[in-house]
Amino acid sequence: MIVGDDSFHCSEVVAKYTQEMRRMGLEMLELLCEGLGLDPKYCSGGLSESPLLLAHHYPPCPEPSLTLGAPKHRDPNLVTILLQEKDINALQVFKDGEWIVVEPIPYAFVVNIGLMLQVISNGRLIGAEHRVVTNSEFARTTVAYFIRPTSKQIIEPAKSLISSGARPIYRSIVFEEFLKNFMIKGADIEQELLFLTWASEYHCRYLPFRSKLEDHRTVKGEGKRAVKIQASESDKVASARLVSRSHKISTETFWRPLWGRAANPNGDHKEHGGTAKHQKQRIAFVVSPFRGGAVLVCAAVRWCSDGASFLPEEEEDAGINGCATSDYFLFNHLLSSFSFNQHPLETRLQR
Ligand SMILES: O=C(O)CCC(=O)C(=O)O
Ligand SMILES: [Fe+2]
């Protein structure tokens, strides 16, 4: 499916939006670095050169008590700038032992600190733990702009933040290595933080982790597929990047389990399922046609329960071949509704 025709305006909207996001994001990072006592440009360059724009589409969910739109996680990047749809309360942040709704404020973004900034700041900044709940009445679309390092970038605590003789809290890690781990265990924050700490611990824990995957595979019979899908996912990102060089916008759609597991709001997602049978996410890549542009991923979650799809099978199959045009219109509409000319961006940091 090609969506780059004039009537669609997607490329224009995405280009403008991502340029503004990049500008604002870098300004914000400079302020954060300055606040940490680092060179304001510390996070410029490789640490922030591989941004990603991710559009989520959450259709109404027939059973909100059974599943989450996105399980509890911290973002795998430096900073996220999130545009929420107005009037729908779905994003929640975990603070002081409870889940607090992050209400959408018109013409304002939600900014999350991600895990990579947690590492760089050696724990002075902590990634926001958040999740998305569902509702049975309204569909919701959001657009997240992730400021991310390039895949080969080494992430480590800034040297000047480590007092002499002290050991940094986190080890150095290559971003793509971290990301690979995150895509499999993203909802498991404790595991994720362990992975970021010392190599020796990582090596001892790596084997049990492998066997956990094996268990998952044997018990659920789906793990193998989940792993395969991870692999093909990075292939798609790579091919999407290739397409971007020819300045075309194209989409490809496939299904993947939501971060390899289902999740429900009561927190027992491991018991609830953990296989592609329960929850699937439809992903389509759209490539924005400008330098330094983000690969745009449009995700639509479909709800299933105990292996029985809520949607007719044939509709599900149709989804594999092409993302519904209506999903893109929703996304386009949301981005267009944010007019940068009318609402010049200001960066205001609040505690
Ligand atoms: O859709 C949302 O409100 C949040 C999405 C999110 O947490 C993410 O993309 O990391
Ligand atoms: Fe997130």
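Numbers for residues simply follow the sequence, beginning at 1. Start at 1 and go down the list; that is how both ligands and their atoms are numbered. Worth saying up front: this structure is predicted, and the values here are computed from it rather than measured.
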Between [X] and [Y], is any pair of side-chain heavy atoms under 4.5 Å apart?
{"X": "Arg22", "Y": "Glu49", "value": "yes"}
{"X": "Phe109", "Y": "Met21", "value": "yes"}
{"X": "Tyr42", "Y": "Leu47", "value": "yes"}
{"X": "Leu29", "Y": "Val79", "value": "yes"}

- [ ] Mind checking whether Gln84 contacts ligand 1 via backbone (N, CA, C, O), side chain (CB onward), both or neither, at a 4.0 Å heavy-atom cut-off?
- [x]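 The answer is neither; Gln84 stays 4.0 Å or more away.
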Task: Heavy-atom pair of closest approach, residues Gln118 and Tyr170 - done: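 So the two residues come closest at NE2-OH, 2.9 Å.
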Open item on the list: Among the N, O or S atoms of His73, which one sits nearest to the Fe ion (ligand 2)?
Closed with: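 In His73, the heteroatom (N, O or S) nearest the Fe ion (ligand 2) is NE2.
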Task: Side-chain donor/acceptor of Asn122 to backbone N/O of Ile169, under 3.5 Å - done: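 It does hold such a pair.
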Task: Within-shell test, His130 vs ligand 1, heavy atom, strictly < 4.0 Å - done: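 Within the 4.0 Å threshold, so yes.
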Open item on the list: Could you check whether any heavy atom of Arg131 sits closer than 4.0 Å to an atom of ligand 1, since that is the contact criterion I want to use?
Closed with: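 No heavy atom of Arg131 comes that close to ligand 1.
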Per-atom contacts of ligand 1 with [X], taking only distances under 4.0 Å to non-hydrogen atoms:
{"X": "Asp75", "result": "10 (O)"}
{"X": "Val132", "result": "1 (O), 2 (C), 3 (O), 4 (C)"}
{"X": "Leu82", "result": "3 (O)"}
{"X": "Arg140", "result": "1 (O), 2 (C), 3 (O)"}

TODO: For Arg140 and Gln84, test the side chains for any donor-to-acceptor distance below 3.5 angstrom and give the result as yes or no.
DONE: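 Note: Arg140 and Gln84 side chains meet the donor-acceptor criterion.
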Open item on the list: Can you check the angle at the Fe ion (ligand 2) formed by NE2 of His130 and OD1 of Asp75? Round it to the nearest 10°.
Closed with: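 Taking the Fe ion (ligand 2) as the apex, I get 90° for this pair.
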